[in-house]
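None of these values were measured; they are calculated from a predicted model.
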Amino acid sequence: MKKRLQHHLRKCLETCRTDGILISEHLPEALVEVPNHSEHGDFASNIAMLLAKSEKKPPRQIADLLVSRLRNDTELFEKVEVAGPGFINFFLNKDVWRKTLEVICSSGDEYGTCTAGQGKRVQVEFVSANPTGPLHIGHGRGAATGDAIASILSAAGFEVVREYYINDAGNQMDTLGRSVYLRYRELLGNSVDFPPNCYQGDYVKDIARDLIAKYGSRYLETPEEEAVSLLAKIGGDIILKGIQQDLRDFGVVHDTWFSEQSLFDSGKVDESIAYLKDKGFLYENEGALWFRTTDFGDDKDRVVVRGNGVTTYFASDIAYHREKYEQGFDLVIDVWGADHHGYVPRLKGVVQSLGRSPDDLKIVLVQLVALLRNGVPVAMSTRSGEFVTLKEVVDEVGRDAARFFFLMRRSDSQLDFDLELAKSQSSDNPVYYVQYAHARICSIFDNAREKGFTLPDVGGTPLSKLETPEEISLIKALAAFPDVVEASALHFEPHRIPFYLQDLAGLFHSFYNKNRVIGDDPELSAARLLLLKCTAQTLKNGLILLGVSAPERM
RNA sequence: GCGCCUGUAGCUCAGUUGGAUAGAGCAACGGACUUCUAAUCCGUAGGUCAGAGGUUCGAAUCCUCUCAGGCGUGCCA
């Protein structure tokens, strides 16, 4: 709706210019927005103020000129007026609003989608937790966020691939192998010194126990270093399987799982280093090979190959991101924990060294999650292995509540996750508030069917019967959904959807409390049933973007 | 020290590329169930947008500085 108006305004400006009414060489972009107060119209534009300088006329005078023309379109506008310092306020014809119900009905599950993405190929890489331990609650936020961003982009017309990057190369795998090996020995009756830099969590013991059950003590026979590397592989696979299961249970499905090790096996890491060397971005210093990331605004240059000849994690990431673009992605999105933010400039540098715009890489930083129980923080420490896993949280509060809570906040602000609140089946809990609206509508439908109504369809339903303030507000909110999805996609901000849904659910509940749907007037009942059909559809479409279910009964 | 993020109602947070009188939920207080789900609704109250300057028709939003909190600042990943 907003777009339609913007287009309309733009056309008006252009005709004004060809008619010589406007003299500005360059017409500013026609900005239309929803004002804070309904007295200021359904939409408002500040275009006259923006034109004031180049037109050398007071804003109100320009606004008057424009309004005198816009006003003629009585089909679209109920009224158009100039207000304040020069705002143009648009009041749309009620029938224009009501028509959006027809659009929603005919679009169905597609309502809210748009073509803003123009089919551009996007890869969203998220979670990508090291296969050295189970997913914890922080990963859960990353999972919910990445998945929602992917869904929202897809709805906005992007072609999306979800990817998980498996860090199965590097020191941490060796540490895992050592941790498993030591626990294995310990469980077989040997006394061991378990070093503090090994993984302390109980899951390591579980893996060791499983190995004993399966293979007995055979790894005591093999030389230690060999056993460690074998157990690193086995342990990593077991943990990865667990991660995959946890993600499935959370409703997150990655299209591709990309192994860091494969970059070495295929020679891509060496290739990338050769590429950078060829382009002159690398230099040697103190025996190591450095990437001049300072050329791209980084604080300092970064090591790619260490003095001992071993590549760094950064080297893998160079090869990995090079690979992404070679696969033909127009846009690459990395969802990271915010503690990696220091890594952003160097990776932006990588992208530019590949001859791409830094905007071709979007890094979404997801802040930490503080887990609370009845308002009191739950102690967590990765080092000691005391942490709350994603599985535990999902088991306790359910998938829907967990997902919704993770997405309720902007990703770059810290999140307090209160277990009791997420579990509570009350008005405190925004998940239920939204889901309840959907279930309530379904219940009204059941009731309508019992009373012999058939659910109305587009056409034939007298929409003009819808005229109470609650009805009109609800329709306006429904009409805004596509704009919300598009903005959410283009800003990579999934939290806009939960906010919108709470707002929409609120408008429905208000409507419900003041207006009876099934009543004496069959035409009015039909019109209201159609309105609710559209409301349920929109609620459902929004919830699906978040990976939250839309129950028909609660 | 330097860098990134954050600072908005008692609490948790929104605030649409600078717009008109800064919003919502929770908590508090007062109301609404014989009627389609009260997991709901209606109302009241609650603010130095951390602070100080600056930019302009106009700032919670942009710039500078200060303060507070979080994170980062490895030839770890």
Side-chain angles (χ1 to χ4, degrees), chain A residues 2 29 31 33-37 39-40 44 46 49 52-53 58-59 83-87 89 130 132 167 169-173 175 197 260 285-290 298-300 302-308 310-314 316-317 337-345 365 367-368 370 372 375 408-410 412-416 418 421 424-433 435-437 439-448 450-451 480 483-484 487-488 490-491 493 495-496 498-499 502-503 505-506 508-519 525 528 532 553-554:
Chain A
K2 190 193 278 185
E29 202 184 335
L31 254 188
E33 50 192 18
V34 180
N36 289 325
H37 300 278
E39 315 93 80
H40 296 143
N46 61 352
M49 276 118 88
K53 212 165 242 171
F87 289 102
N89 294 341
N130 289 349
T132 54
N167 295 122
N171 291 336
Q172 84 280 2
M173 293 315 290
T175 305
N197 63 344
E260 180 185 359
N285 188 28
E286 294 175 3
L289 196 58
W290 297 71
D298 200 1
D299 294 339
K300 48 180 281 196
R302 308 292 172 174
V303 171
V304 176
V305 182
R306 291 186 273 250
N308 63 8
V310 178
T311 58
T312 59
Y313 179 74
F314 184 42
S316 299
D317 248 352
D339 51 343
H340 290 75
H341 69 259
Y343 211 74
V344 174
L365 295 174
Q367 277 286 357
L368 302 178
L372 307 177
M408 266 191 334
R409 304 277 176 254
R410 292 177 43 152
D412 56 6
S413 71
Q414 288 188 30
L415 172 70
D416 287 336
D418 194 309
L421 177 59
S424 72
Q425 304 197 356
S426 72
S427 55
D428 308 0
N429 193 331
V431 194
Y432 290 107
Y433 185 77
Q435 289 183 319
Y436 181 56
R440 221 177 190 186
I441 293 171
C442 292
S443 164
I444 295 168
F445 290 164
D446 287 344
N447 193 276
E450 266 174 38
K451 299 220 163 106
D483 294 334
V484 173
S488 176
L490 298 180
H491 290 91
E493 291 181 344
H495 75 275
R496 294 179 188 228
F499 272 93
Q502 287 178 82
D503 193 44
F508 160 71
H509 287 308
S510 293
F511 159 81
Y512 176 88
N513 273 273
K514 276 198 191 150
N515 303 278
R516 204 175 158 77
V517 178
I518 300 160
S525 297
R528 287 185 171 162
L532 292 200
R553 234 168 285 278
M554 286 174 72

Listed partners of A:His509 passing side chain to side chain donor-acceptor pair (under 3.5 Å), at least two apart: A:Arg440
Partner residues of A:Arg409 under the side chain to side chain donor-acceptor pair (under 3.5 Å) criterion, sequence neighbours left out: none
Kindly write out the residues that satisfy salt bridge (charged side-chain N to carboxylate O under 4.0 Å, His left out) with [X], not counting sequence neighbours, or none if the list is empty.
| X | answer |
| --- | --- |
| A:Glu260 | none |
| A:Lys514 | A:Glu470 |
| A:Arg306 | none |
| A:Asp446 | A:Arg449, A:Arg553 |

Output one line per pair: protein atom, nucleotide atom from nucleotides 60-62 of chain B, and distance, for all N/O pairs under 3.5 Å.
none

Length of the CG-C1' vector between A:Asn36 and B:G58, whole Å: 14 Å
Partner residues of A:Phe445 under the ring-ring contact (aromatic ring centres under 6.0 Å, His included) criterion, sequence neighbours left out: none
Find every protein N or O atom lying less than 3.5 Å from an N or O atom of nucleotides 30-35 of chain B, and list the pairs.
unit_1: B:U35; atom_1: O2'; unit_2: A:Arg516; atom_2: NH1; d: 3.2
unit_1: B:U35; atom_1: O2'; unit_2: A:Arg516; atom_2: NH2; d: 3.4

Nucleotides 72-77 of chain B: protein proximity per nucleotide (B base, S sugar-phosphate only, - neither; heavy atom, under 4.0 Å): S-SBSB
Protein-nucleotides 6-11 of chain B N/O pairs closer than 3.5 Å?
none

Stem segments of RNA chain B by first residue number [Watson-Crick or G-U, under 3.5 Å, at least 3]: B:1-7 with B:67-73, B:10-13 with B:23-26, B:28-32 with B:40-44, B:50-54 with B:62-66
Among B:C36, B:G19, B:G15, the nucleotide that comes nearest once only the side chain of A:Pro85 is considered: B:G19
Spacing of the P atoms in B:U8 and B:U12 (rounded, Å): 8 Å
Sugar-phosphate, base or nothing in reach of A:His37, heavy atoms under 4.0 Å: base
